[in-house]
Protein chains: 2
Amino acid sequence: MNDIFGTYIREKRTRLQQANKRYSLRQTAARIGIEPSYLSKIERGEQSYLSEEKISALALDLDEDPDVLLALNGKISRDIQEIIRKRPQLFARLIRELKNMPDQAVLKLVREVRDGDW
Amino acid sequence: MNDIFGTYIREKRTRLQQANKRYSLRQTAARIGIEPSYLSKIERGEQSYLSEEKISALALDLDEDPDVLLALNGKISRDIQEIIRKRPQLFARLIRELKNMPDQAVLKLVREVRDGDW
DNA sequence: CATGGTGTGTAGTGTATAGTACACACTATT
DNA sequence: AATAGTGTGTACTATACACTACACACCATG
């Protein structure tokens with residue numbers, strides 16, 4: 001189904017594997033704490049279920065952005081979900097408004113918030 | 001576990017029931033398409049699993065905000081999730097920045113976006 | 001006093017999610 | 001020729017999630 005997540009991490013891992021043999025499927029699986037056969041299935045898109053914890057561990061291991069890997073897996077990190085659930089109306093409105101805004105516009109908001117005069 | 005969702009909808013429903021007998025547990029359950037015993041369990045917090053579809057239907061029926069009911073149930077609506085997953089880094093940054101901002105500040109952003117000059 | 005409507009208790013169900021365990025075939029090394 | 005390491009196939013498992021089905025006890029009311 002969701003073979004884009006699998007394809008993405010397989011490409012990244014095999015690229016790292018060229019330079020360093022510790023990025024074999026088996027060793028990587030061992031580091032993130034799953035069976036090699038399971039990681040194999042996931043990379044080939046045969047099975048795409050992987051918990052947030054494992055995805056985050058994998059992101060750390062492969063030097064990838066956890067939020068990106070989670071998104072490729074159809075997930076959103078728990079801390080983000082928590083923030084939204086605490087003020088659902090507020091964030092729902094904001095996020096829907098931003099749906100079609102270009103990246104630049106959203107980034108401008110981020111900057112505005114960070115060094116803003118609130 | 002999550003008896004706040006149940007308590008909330010039970011209160012709202014029974015309040016509506018005072019004025020209109022069509023808001024009995026049985027009739028309400030029938031309108032949203034679940035068994036009365038199941039709605040009973042949910043309202044008493046014994047079981048809190050309810051799909052997004054049923055929660056939205058319930059929100060509509062009880063004249064409540066779907067995003068709020070979903071949040072009380074530990075969920076976030078699919079359309080919001082989709083928006084975030086399409087640009088995970090961007091939205092992750094923005095949302096985390098806004099975590100501790102007061103409502104007013106976030107609302108100001110919403111307004112800025114809506115009638116902004118992008 | 002039966003009938004209709006109320007809420008609830010108990011038991012069971014199907015699918016999704018998140019994996020393990022182990023055997024197999026292949027390649028590289030020693 | 002044995003050994004270590006590679007990826008993969010098959011079968012199985014446990015828990016979470018999202019419900020249904022049906023029986024029960026308790027009012028009202030005609």
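Chain naming here is simple, since letters A, B, ... match the order of the sequence lines and numbering starts at 1 in each.
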Review point. Between which nucleotides of DNA chain D, read 5' to 3', does contact with chain A run, using atoms under 4.0 Å from its heavy atoms?
Key: D/dT6 to D/dA11
**Study point:** Main-chain N/O of B/Asp3 paired with B/Arg44 side-chain donor or acceptor, under 3.5 Å
**Key:** no
Check your understanding: Heavy-atom contacts under 4.0 Å between residues 15-41 of chain B and DNA chain D, which residues?
Key -> B/Gly33, B/Ile34, B/Glu35, B/Ser37, B/Tyr38
Review point. Would a distance-only check, ignoring hydrogens and angles, find a side-chain to backbone donor-acceptor pair under 3.5 Å from A/Arg85 to B/Gly74?
Key: yes
Point to revise | Whether over 12 other heavy atoms sit under 6.0 Å from B/Asp63 CG | key: no
Practice item. Side-chain contact test, heavy atoms from C-beta onward, threshold under 4.5 Å: evaluate it for B/Ile9 versus B/Leu69 and give yes or no. Key: yes
Point to revise | Row check, B/Tyr23 ring normal vs B/Arg31 NZ/CZ: under 6.0 Å, within 45° | key: yes
Study note, to complete from the structure: Output for pair (A/Ile83 CD1, B/Asn100 CG), nearest 0.5 Å, gives 8.0 Å
Review point. Does OP1 or OP2 of C/dT6 have a side-chain N or O of B/Arg13 closer than 4.0 Å?
Key: no
Point to revise | 4.5 Å side-chain heavy-atom contact, B/Leu98 and A/Phe91 | key: yes
Check your understanding: Given atom CZ of B/Arg10 and atom P of C/dG7, what is their separation to the nearest angstrom?
Key -> 8 Å
Exercise for review: Examine distances only and state if a side-chain atom of B/Lys12 and a backbone atom of B/Leu62 form a donor-acceptor pair shorter than 3.5 Å.
Suggested key: yes
Review point. Does any non-hydrogen side-chain atom of A/Arg93 lie less than 4.5 Å from one of B/Arg114?
Key: yes
**Study point:** Residues from residues 52-69 of chain A lying under 4.0 Å of DNA chain C - heavy atoms
**Key:** A/Lys54
Check your understanding: Hey, does the side chain of A/Tyr49 come within less than 4.0 Å of C/dT17's phosphate (OP1/OP2), counting only N and O?
Key -> yes
Practice item. Measure the shortest side-chain to side-chain distance between B/Ile84 and B/Ile95 over non-hydrogen atoms and say whether it is less than 4.5 angstrom. Key: yes
Exercise for review: Write down the distance between CD (B/Glu46) and P (C/dG7), rounded to a whole number of angstrom.
Suggested key: 16 Å
